[in-house]
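Take a look at the structure below.
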Amino acid sequence: PRALAGGGGGGGESTLTEGNVEVIDVLTAFTSFESFKETMLLAKRNKAGGGTVSGSQPADVTLDAEMTAMLKMADQVTWKVLKEESWIKAESACSPDGIETMRVVMDTELTPAQALDMMFAEDRKEWDENITISKLPNDRYKMVMKYPYMPKLEYDIKFLLKHDFPKKDHITWVYRSLQKDGVTLDMSKGAPVGKGYINPTANGSVFCTIEELPSLFKYVPAFLINWFVTSFMLKMMQKMVTKYKKAKGL
């Protein structure tokens with residue numbers, strides 16, 4: 001724990017624990033009442049929104065369509081910047097289907113192959129304390145997520161990855177959680193779904209992960225979303241890259 005010099009009339013010290021730091025971090029993430037209000041209204045809209053998609057078609061066909069829609073959205077919608085640093089940017093937008101979506105774009109010195117390994121290797125637990133991924137039979141994976149202020153999340157996913165798509169040396173992926181039968185895609189509102197891509201650059205690669213906010217709102221309290229998106233997630237990504245380089249001797 002870190003200590004702060006005592007204020008007020010006392011001459012002692014008050015201890016600032018890691019828990020206190022996280023609470024302060026959450027509160028300072030709301031830079032204004034407007035940002036807090038916008039976050040709460042966003043939660044209300046997503047909760048009110050509804051509709052499910054038929055899951056009768058083959059899983060790979062469904063995921064392939066989601067991947068194509070994701071790439072089209074990345075280029076055609078207007079993204080609002082939520083937080084930007086020299087190496088990373090968090091943005092939000094509304095998809096053509098009316099789903100509030102968040103993306104994090106990060107520049108890294110890792111090659112596309114290394115960035116992919118960092119994200120989806122089964123030994124990810126060596127450099128990421130929040131997410132672990134393990135392979136299951138029949139092209140399925142188990143994803144376990146542990147975040148502050150949230151219960152541990154654990155679900156099976158179907159994963160579709162394409163190399164050299166949409167261009168040479170580009171890597172694109174999408175995953176969606178499965179229903180309890182372990183076979184059928186969960187197309188219900190708020191079901192865990194993730195998308196992203198890795199593109200080569202002159203100095204390494206640009207890495208992008210895209211999340212549908214109804215999925216996040218299902219597990220993250222609405223008042224924490226702003227902190228999660230603009231503070232915690234960015235720090236998590238930075239820490240993961242640093243630990244990955246150390247684990248791989250880069």
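The chain is numbered in sequence order, starting from 1.
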Using side chain to side chain contact (heavy atoms under 4.5 Å, CB included), reason through Asp117 and Lys248 one step at a time and then give a plain yes or no. CA-CA 10 Å; Asp117 182 61; Lys248 297 297 182 176; 3.4 Å; yes
Test side chain to side chain contact (heavy atoms under 4.5 Å, CB included) applied to Lys162 and Asp164, step by step: CA-CA 7 Å; Lys162 288 188 178 183; Asp164 297 321; over 6 Å; no
List the steps, then state whether side chain to side chain contact (heavy atoms under 4.5 Å, CB included) holds for Val206 with Ile198. CA-CA 6 Å; Val206 58; Ile198 302 170; over 6 Å; no
Assess the residue pair Asp107 and Phe207 against the criterion (side chain to side chain contact (heavy atoms under 4.5 Å, CB included)); give the C-alpha distance rounded to whole Å, side-chain angles, the decisive distance to 0.1 Å, and a yes or no. CA-CA 6 Å; Asp107 288 317; Phe207 166 89; over 6 Å; no
Could you walk me through whether Lys83 and Glu91 satisfy the salt bridge (charged side-chain N to carboxylate O under 4.0 Å, His left out) test, starting with their C-alpha distance in whole Å, then the side-chain angles of each, then the deciding distance to 0.1 Å, before giving a yes or no? CA-CA 7 Å; Lys83 180 78 172 184; Glu91 302 171 301; over 6 Å; no
Go through the steps for Ser188 and Asp186 under the test side chain to side chain donor-acceptor pair (under 3.5 Å), then give the verdict. CA-CA 6 Å; Ser188 64; Asp186 186 351; 2.6 Å; yes
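Residue Trp173 is grouped with residue Met118 when hydrophobic side chains (ILVMFWY) are merged at heavy-atom distances under 4.5 angstrom, including chains of intermediate members. Tyr197 and Met67 fall within the same hydrophobic cluster, defined by Ile, Leu, Val, Met, Phe, Trp and Tyr side-chain heavy atoms under 4.5 Å apart, directly or through other members. Criterion: ILVMFWY side-chain heavy atoms under 4.5 Å apart, direct or through other members. Under it, Ile88 and Met236 are part of a common hydrophobic cluster. Note on Phe232: it clusters hydrophobically with Trp87, by side-chain heavy-atom contacts below 4.5 Å among ILVMFWY residues. Leu161 and Tyr175 fall within the same hydrophobic cluster, where Ile, Leu, Val, Met, Phe, Trp and Tyr residues are linked whenever their side-chain heavy atoms come under 4.5 Å apart, directly or through other members.
Under the 3.5 Å distance criterion, the side-chain polar atoms of Gln114 are matched with a main-chain donor or acceptor of Thr111. Panel note: side chain Gln179, backbone Thr184; no donor-acceptor pair is recorded below 3.5 Å. Thr209 contributes no side-chain N or O that, together with a main-chain N or O of Gly196, makes up a donor-acceptor pair within less than 3.5 Å. Side-chain atoms of Arg124 come within 3.5 Å of backbone N or O of Met119 as a donor-acceptor pair. Formation of a donor-acceptor pair under 3.5 Å by the Arg140 side chain with backbone atoms of Pro137 is found in this model.
Around the CD atom of Glu122, the shell of radius 6.0 Å holds more than 12 heavy atoms that belong to other residues, nucleotides or ligands. Within 6.0 Å of NZ in Lys146 there are 12 or fewer heavy atoms belonging to other residues, nucleotides or ligands. At most 12 non-hydrogen atoms from other residues, nucleotides or ligands lie less than 6.0 angstrom from NZ of Lys246. Other residues, nucleotides and ligands contribute at most 12 non-hydrogen atoms within 6.0 Å of the CG atom of Asn203. Counting non-hydrogen atoms of neighbouring residues, nucleotides and ligands closer than 6.0 angstrom, the NZ atom of Lys239 reaches no more than 12 such neighbours.
Looking at Lys195, Glu66, Lys158 one by one, the single match for side chain to side chain contact (heavy atoms under 4.5 Å, CB included) with Arg176 turns out to be Glu66.
In this structure, the ring pair (Phe, Tyr, Trp, His ring centres under 6.0 Å) partners of Tyr141, at least two apart in sequence or on a different chain, are Phe159. Qualifying side chain to side chain donor-acceptor pair (under 3.5 Å) partners for Asp169, counting only residues two or more places apart in sequence or in other chains: none. Remark: Trp127 engages Tyr244 in a ring pair (Phe, Tyr, Trp, His ring centres under 6.0 Å) (not counting sequence neighbours).
Residue Lys167 holds its NZ atom at 8.0 Å from CG of Asn199, rounded to the nearest 0.5 Å. Rounded to the nearest 0.5 angstrom, Cys208 SG and Met70 CE are separated by 7.5 Å. The structure places CG of Leu63 at 5.5 Å from CG of Leu160, a figure rounded to the nearest 0.5 Å. One finds the CG atom of Leu116 at 4.5 Å from the CD1 atom of Ile171 (value rounded to the nearest 0.5 Å). Going from atom CE of Met106 over to atom OG of Ser205 covers 7.5 Å, rounded to the nearest 0.5 Å. Remark: Asp156 CG to Ser134 OG distance equals 8.5 Å, nearest 0.5 Å.
The minimum heavy-atom distance between Leu234 and Ala90, with the atom names listed, is CD1-CB, 4.0 Å. For the pair Glu211 and Val193, the tightest heavy-atom approach, listed with the atom from each and the gap, is OE1-O, 3.0 Å.
Within the 4.5 Å cutoff, side-chain heavy atoms of Thr68 are placed close to those of Asp64. Residues Asn130 and Met240 are not in side-chain contact: their nearest non-hydrogen atoms beyond the backbone lie 4.5 Å or more apart. The shortest side-chain heavy-atom distance between Met145 and Met143 falls under the 4.5 Å cut-off. At least one side-chain heavy atom of Glu129 sits less than 4.5 Å from a side-chain heavy atom of Lys243. Between Met233 and Val104, some side-chain heavy-atom pair lies under the 4.5 Å cut-off. With a 4.5 Å cut-off on side-chain heavy atoms, Leu178 and Leu185 count as touching. You'll find the side chain of His170 stays beyond 4.5 Å of the side chain of Phe165, heavy atoms only.
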